[in-house]
Amino acid sequence: MTVAGIGAEGWGGLAAAAQEAIRQADVVFGGERQLALLPPEVTARQVAWPTPLVRALPMLLVKTPGAHKVVLASGDPTFFGIATTIARVVPGFDLTVLPHPSSVSLACARMGWAQQEVEVVSLVGRPLAMLQPSVAPRRRLLVLVPNGEIPAQVAKLLRERGFGPSELTALSNLGAIEGPDTAGESRVSASADEWPANGFPLHAPHGPQSLTVLAITCTAGPTPTRLSRVPGLPDEAYENDGQLTKRHVRAVTLSALAPEPGELLWDVGGGAGSIGIEWLRTHPSCTAISVERDPERARRITRNAELLGVPHLQVKTGEAPAELAGLPTPDAIFVGGGLTAPGLLEHCWEALAPGGRIVVNVTTLESEMLLAQAKASYGGTLAKIEIARATAIGRFTGWRPAMPVTQWTAWKAAE
């Protein structure tokens, strides 16, 4: 099977190898827009993708007759593209991928930006909140959007974060050549403050386009809300009822958990969800499951995750350890509550992947005794974290200590 990238300019923009592969094909798969770009000389049977696609993909590709099959993809098929989906869901195919310049390459060329210095965020089939962690002063972002309505929503998000002066440029139909019956590229620029709430400005030459890249130069206003990716966000960033791992302890805890790209965390006793949320913010490929017994707190965790740009945090409502049964094997576990539940610590240790680590924070003497026993059984280290904050004492200032936190950290031996 060959997966060939095709741009908005159509057949004439394809390399000779891609054109030849399509000419020799018995069947060509693709979206209706891609198939419409093929000239009459292509005699292969054309099959448009169904909706939803991924579930139907294995049967469609395997059962459709034809010795030579070609799949058309927009731009580079391995960049948020169909080639990686096929490789994942139908691993038996011998794939040949013929890439075309991606929308990111074309957008950087139009903007004069260095591609390696740009962060790319896809909002195609993903919630708007995914953009939140990437918003920072002086950052250049390329946002892949599915329609002309999303840029207005992005502009609104930037205004709400205090980044209203940010410059937005909507680049549509990249690579297209304007003709009597076809629209060429369009480009519309405005600040987030000036972007109209109902979508693209009226003077856009071709109106909203279905294929749009939004280029953003982030510029902070006088009072921006800054949400660093470094663990230890301000406590005020979280909606909470007091069950929150406080900022300084949270930073130490995330350091002990040591997240790596692609790893999974169990956050047991989620509270406000801060540990799982900041684990996810360290890298887009990280995953996390928060387990919280209180339904209202579980809903609050979901709201916090959405607000702080990690809506993919999984939240399970129920008692641990029972609620942990059947969950995927974690690379790291944090226990922030419920340690005295019978069998919880033993279950977590058994579930932990080889080479994984567990971090437990407690504040009571009874829980400290359990941690001492855990250290004797599994090894690791114990540390006491004590934080004092300067507060007013009459006309003067003194230190007010917070309740000390005892932390046990242990790494499971690798097989």
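- Of all non-hydrogen atoms in Ala256 and Arg357, the two that sit nearest each other are O-CG, 4.3 Å.
- In this structure, Arg297 contributes its side chain and Asn240 its backbone to no donor-acceptor pair below 3.5 Å.
- Scanning all heavy atoms of the two residues, the minimum distance from Val118 to Leu141 falls at CG1-C, 4.2 Å.
- Arg110 and Glu185 are joined by a salt bridge, as a carboxylate oxygen and a charged side-chain nitrogen come within less than 4.0 angstrom of each other.
- Between Arg389 and His248 the shortest side-chain heavy-atom distance falls below 4.5 Å.
- In this structure, the side chain of Trp266 engages the main chain of Pro328 through a donor-acceptor pair within 3.5 Å.
- A salt bridge between Glu119 and Arg140 is absent, with no side-chain N of the basic residue lying under 4.0 Å from a carboxylate O of the acidic one.
- When side chains are defined from C-beta on, Glu366 does not count as touching Leu339, because their heavy atoms never get closer than 4.5 Å.
- Here Glu368 pairs with Lys384 in a salt bridge; the nearest charged N to carboxylate O distance falls below 4.0 Å.
- Between Leu264 and Thr329 the shortest side-chain heavy-atom distance does not fall below 4.5 Å.
- Side-chain contact between Ile301 and Tyr238 is absent, with no heavy-atom pair separated by less than 4.5 Å.
- With hydrogens and angles ignored, the 3.5 Å screen pairs no side-chain donor or acceptor of Thr64 with any backbone N or O of Leu61.
- Using a cutoff of 4.0 Å between basic side-chain nitrogens and carboxylate oxygens, Asp241 and Arg300 are scored as salt-bridged.
- None of Thr84, Val70, Ile86 except one satisfies the side-chain contact (heavy atoms from CB on, under 4.5 Å) rule with Val3; the exception is Ile86.
- Of the candidates Asn361, Val362, Val360, Val362 is the only one forming a side-chain contact (heavy atoms from CB on, under 4.5 Å) with Thr406.
- In this structure, Tyr378 has its ring center closer than 6.0 angstrom to the ring center of Trp349.
- Ring pair Phe29/Trp49 is parallel by interplanar angle, where below 30° counts as parallel and above 60° as perpendicular.
- Side chain of Glu278 to backbone of Leu233: a donor-acceptor contact under 3.5 angstrom is found.
- Other residues, nucleotides and ligands place more than 12 heavy atoms under 6.0 Å from the CZ atom of Arg250.
- Although no hydrogens or angles enter the test, the distance criterion places a donor-acceptor pair under 3.5 Å between the side chain of Lys412 and the main chain of Leu352.
- Atom NE2 of His68 has 12 or fewer heavy atoms from other residues, nucleotides or ligands within 6.0 Å.
- At most 12 non-hydrogen atoms from other residues, nucleotides or ligands lie less than 6.0 angstrom from NZ of Lys63.
- Environment of CZ in Arg303: crowded, with over 12 heavy atoms of neighbouring residues, nucleotides or ligands closer than 6.0 Å.
- Taking a cutoff of 4.0 Å between a charged side-chain nitrogen and a carboxylate oxygen, Glu296 and Arg299 qualify as a salt bridge.
- Between the side chains of Ser74 and Arg33, at least one donor N or O lies within less than 3.5 Å of an accepting N or O.
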